[in-house]
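See structure below.
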Amino acid sequence: MKTILKHIQGDRAIWAIVAVLAICSFMPVYSASTNLVYVVGTGGSTFGYLLKHMMLLLMGFAIIYGVHKIPYRYFSGGSLLMLPIVIILLIFTLSQGTTIGGANASRWIRIPFVGIGFQTSTLAGLVLMVYVARYLAKNKEKVISLKESLLTLWLPIAVVLMLILPANFSTTAIIFVMILMLCFVGGYPTKYLGLILGIGLITLLFFILIAKAFPEAMPNRVQTWQSRIENFSDEGGKDAYQVEKAKIAIATGGLAGVGPGKSVQKNFLPQSTSDFIFAIIAEEYGLIGSVFILFIYFLLLFRIFIVVKKTKTIFGSLLVVGVGIPIIFQACINMAVATNLFPVTGQTLPLISSGGTSIWMTCFALGMILSVSASKEETEEDILEDNPLDILHETV
């Protein structure tokens, strides 16, 4: 045991929290997968889905371990290298991505030889957060001008978000909000943030008008957004059906739940293993189980703030905020959707919902946080003056 702990660096509490969330995901995923096997008829077995989920989590822990061993200064220059790669991947995803149910939902590409779908927008969000943290740290002593930041900061952000928007509005909105939050924390002039927010809303409105004028270019996307907002207060429609079943599941769970594996609503919730897994947890483990999961996420938030407080560099602090807070934000949105406090967004519950890309990108972000918490010798100059080409050379 001591030998294992010797190789594990960084905040031990975060390691423990991640392990607890992973363990807590086993029974809900195993139970909810009966919907896929017996109702949807995807084939396989419930144990097969559990085994797949466990393997994805195991790979996720391997990602955390590998990333947390990388000095976090490499992430600064690495974001510059990854930005053009992410843009290329997003363009490829839009042109080649998977279409779901006849709708233009080009969010996924297939990883060759592995056969696993990869959602490029999650990687793009992570890279953007690191890029913004680098920019803010690099300009911490300067007076930031709107003209200069429009070209070096907001143009790359706009390009990436515009490539995500046609297929995934909720992810685009979350990334944009998180970037504004990070800029506010990082000292970006507040008067400019209001202007950027206004430009963003105008751009979204312009995109909606274009999509409505040329529906054949992006079939069903604006209609999907519109229907989700309408169904939030309406009792009809597919999304309203899912929310209604989630509410029944939560009400049925009561204080202590109906017991592991005894959920009834899992047979009626189409996204019971992913988007609405919190409802299954509430039904099987009740208010006690639900509050416990909520407590674990807020404990993770607390430890993120502890790491920020202990970090000696501006970039390190902003990096932890930039990649850590979105995990908590996504968890809150997922639980809010399940409890009908928010329209359906398609966001998973981090480290608990089944799915490869979401788990891996969450683990990559956690690895970055642990890398920052494990570092004791990094200086701001070393981080921000790193040449991305030198980093590429060292990596190769």
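Remark: H68 NE2 to C363 SG distance equals 13.0 Å, nearest 0.5 Å. Put simply, CD1 on I14 and CD1 on I304 are 6.0 Å apart, with the number rounded to the nearest 0.5 Å. Between I277 atom CD1 and N334 atom CG the span is 8.5 Å, to the nearest 0.5 Å. Rounding to the nearest 0.5 Å places CG of L300 at 9.0 Å from CD1 of I325. The line from CZ of F75 to CG of L80 is 14.0 Å long, rounded to the nearest 0.5 Å. Distance check, rounded to the nearest 0.5 Å: CG of L201 to CG of L205 gives 9.0 Å.
The closest side-chain donor-acceptor pair between S79 and R134, if any, does not fall under 3.5 angstrom. Of the N and O atoms on the side chains of T313 and Y72, at least one donor lies less than 3.5 Å from an acceptor on the other residue. Looking at K310 and S373, their side chains never bring a donor and an acceptor atom within 3.5 Å of each other. Side-chain atoms of S358 and Q119 include no donor-acceptor pair closer than 3.5 Å. Between the side chains of T171 and Q347, at least one donor N or O sits under 3.5 Å from an acceptor N or O. When only modelled atom types and interatomic distance are considered, Q265 and T252 share no side-chain donor-acceptor pair under 3.5 Å.
Not a single donor-acceptor pair under 3.5 Å links the side chain of W360 to the backbone N or O of L57. At distances below 3.5 Å, not a single donor-acceptor pair connects side-chain atoms of S375 with backbone N or O atoms of V372.
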Identify all side-chain donor-acceptor contacts of residues 177-200 below 3.5 Å with residues at least two apart in sequence or on another chain.
from: Y188; atom 1: OH; to: S149; atom 2: OG; distance (Å): 2.7
from: Y188; atom 1: OH; to: W154; atom 2: NE1; distance (Å): 2.9

Identify each donor-acceptor pair in which a side-chain atom of residues 16-27 lies under 3.5 Å from a protein atom, sequence neighbours left out, and give them as a table.
from: S25; atom 1: OG; to: A22; atom 2: O; distance (Å): 2.6
from: S25; atom 1: OG; to: H53; atom 2: NE2; distance (Å): 2.8

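Y74 is listed as a side-chain neighbour of P71, based on a closest heavy-atom distance under 4.5 Å. Residues F61 and L366 fail the side-chain proximity criterion, which asks for heavy atoms closer than 4.5 Å. Side chains of N139 and K142 form a contact here, defined as non-hydrogen atoms less than 4.5 Å apart. In this structure, V323 and L126 have side chains that are in contact, with non-hydrogen atoms separated by less than 4.5 Å. Annotation: side chain of L370 is not in contact with side chain of Y65 (no heavy-atom distance under 4.5 Å). Side chains of L161 and I157 form a contact here, defined as non-hydrogen atoms less than 4.5 Å apart. For the pair Y131 and S76, the minimum side-chain heavy-atom distance is 4.5 Å or more.
S263 meets the side chain to side chain donor-acceptor pair (under 3.5 Å) test with E283; sequence neighbours excluded. Every residue was checked against the ring-ring contact (aromatic ring centres under 6.0 Å, His included) condition with Y30, not counting sequence neighbours, and none meets it. Annotation: side chain to side chain donor-acceptor pair (under 3.5 Å) contacts of S354 (sequence neighbours excluded): T273. Applying the side chain to side chain donor-acceptor pair (under 3.5 Å) test to T152 and every residue at least two apart in sequence or in another chain returns E148. Remark: Y285 pairs with no residue by the side chain to side chain donor-acceptor pair (under 3.5 Å) rule, at least two apart or across chains.
Hydrophobic clustering of Ile, Leu, Val, Met, Phe, Trp and Tyr side chains at less than 4.5 Å, counting indirect connections, unites L123 with I91. V258 and V29 fall into different hydrophobic clusters, where Ile, Leu, Val, Met, Phe, Trp and Tyr are joined by side-chain heavy atoms under 4.5 Å apart, directly or via other members. Hydrophobic clustering of Ile, Leu, Val, Met, Phe, Trp and Tyr side chains at less than 4.5 Å, counting indirect connections, keeps I248 apart from L341. In the hydrophobic cluster analysis, where Ile, Leu, Val, Met, Phe, Trp and Tyr join through side-chain heavy atoms closer than 4.5 angstrom, V307 is grouped together with F305. Cluster membership check: I202 does not share its hydrophobic cluster with M162, using side-chain heavy-atom separations under 4.5 Å among Ile, Leu, Val, Met, Phe, Trp and Tyr.
The two atoms that bring M129 and P326 nearest to each other are CE-CG, 3.9 Å, heavy atoms only. The two residues I175 and G125 make their nearest non-hydrogen contact at CD1-CA, 3.6 Å. Taking every heavy atom of both residues into account, A374 and G10 meet most closely at CB-N, 3.5 Å. Scanning both residues, S31 and G261, for their nearest heavy atoms gives OG-CA, 3.4 Å. Nearest approach of P156 to L83, heavy atoms of both residues: CB-CD2, 3.7 Å. Taking both residues in full, the closest heavy atoms of L155 and L151 are given as CB-O, 3.5 Å, listed atom of the first, atom of the second, then distance.
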For this session: Applying side chain to side chain contact (heavy atoms under 4.5 Å, CB included), run through F169 and I164 and close with a yes or a no.
Result: CA-CA 7 Å; F169 169 72; I164 299 173; over 6 Å; no
For this session: Decide side-chain hydrogen bond (donor to acceptor under 3.5 Å, both in side chains) for S371 and K69; before the verdict, give the C-alpha distance in whole Å, the side-chain angles of both, and the deciding distance to 0.1 Å.
Result: CA-CA 6 Å; S371 173; K69 287 290 187 180; over 6 Å; no
For this session: Tell me, with the steps shown, if I281 and I352 meet side chain to side chain contact (heavy atoms under 4.5 Å, CB included).
Result: CA-CA 10 Å; I281 293 172; I352 292 183; 4.0 Å; yes
Problem set entry | Chi angles and distances behind the side chain to side chain contact (heavy atoms under 4.5 Å, CB included) call for F298, L294 | CA-CA 6 Å; F298 276 98; L294 186 63; 3.4 Å; yes
For this session: Give the intermediate values and the outcome of side chain to side chain contact (heavy atoms under 4.5 Å, CB included) for residues I70 and M368.
Result: CA-CA 8 Å; I70 302 172; M368 288 182 177; over 6 Å; no
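Sorted pairs that involve residues 315-324 and meet side-chain hydrogen bond (donor to acceptor under 3.5 Å, both in side chains), not counting sequence neighbours, are lacking altogether. Contacts classified as salt bridge (charged side-chain N to carboxylate O under 4.0 Å, His left out) and involving residues 298-308 (residues at least two apart or in different chains) are given here: D11-R303. Here side-chain hydrogen bond (donor to acceptor under 3.5 Å, both in side chains) pairs that include residues 286-300, with residues two or more places apart or in two chains, number zero.
Taking Ile, Leu, Val, Met, Phe, Trp and Tyr as hydrophobic and joining them when side-chain heavy atoms fall under 4.5 Å apart, one finds L255 in a cluster with L287, I288, V291. I250 belongs to no hydrophobic cluster with other residues, because no ILVMFWY side-chain heavy atom falls under 4.5 Å from its own, directly or through intermediates.
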